[in-house]
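The structure under discussion appears below in the form of structure tokens.
Computed from a predicted structure; not experimentally measured.
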Amino acid sequence: MVSNTVIDTYRRLKQVSERLDDLVEQESLSRTSVIAGTRIDLLEALEQIDRRVSEPVVLRDISGLDYREISELIDCPVGTVKSRIHEGRNAIKALLNA
């Protein structure tokens with residue numbers, strides 16, 4: 001499924017980021033590590049929330065699919081997709097702000 005591919009890509013980015021931190025001096029990574037850290041935090045938040053809401057968020061915000069496409073992929077009405085995306089974003093926001 002598309003969302004699994006996206007999550008696998010983020011996991012690989014997380015591993016690469018950890019290796020880069022070991023290889024490069026911290027001063028030169030200051031800007032890059034903030035971006036990488038944010039991506040890692042996002043991945044961890046996505047793994048913590050219910051897959052029912054994380055999947056539509058990944059499909060919309062990472063894969064760039066429109067609501068209709070997501071609706072067809074996960075076989076539920078567009079209104080439900082919008083609701084799940086809203087719920088997922090709120091759950092992620094709460095975890096990132098904790």
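Annotation for L96 and A45: closest pair CD2-CB, 4.3 Å, computed over non-hydrogen atoms. The shortest non-hydrogen separation linking S71 to P77 is OG-C, 3.8 Å. The minimum heavy-atom distance linking I85 with P56 is given by the pair CG1-CB, 3.6 Å.
For A91, the side chain to side chain contact (heavy atoms under 4.5 Å, CB included) criterion is met by I49, not counting sequence neighbours. For E72, the side chain to side chain contact (heavy atoms under 4.5 Å, CB included) test picks out R68, with sequence neighbours left out.
Counting only heavy atoms from C-beta outward, the side chains of L59 and I74 approach each other to under 4.5 Å.
How far CD of E47 is from OG of S54: 9.5 Å, rounded to the nearest 0.5 Å. To the nearest 0.5 Å, atoms CG (D41) and CG (L46) are separated by 11.0 Å. To the nearest 0.5 Å, the span separating CG on L95 from CD on E44 amounts to 10.5 Å.
Note on residues 83-92: pairs passing side chain to side chain donor-acceptor pair (under 3.5 Å), not counting sequence neighbours, are R52-E87, D61-R89, H86-N90. Sorted pairs that involve residues 73-82 and meet side chain to side chain donor-acceptor pair (under 3.5 Å), not counting sequence neighbours, are lacking altogether.
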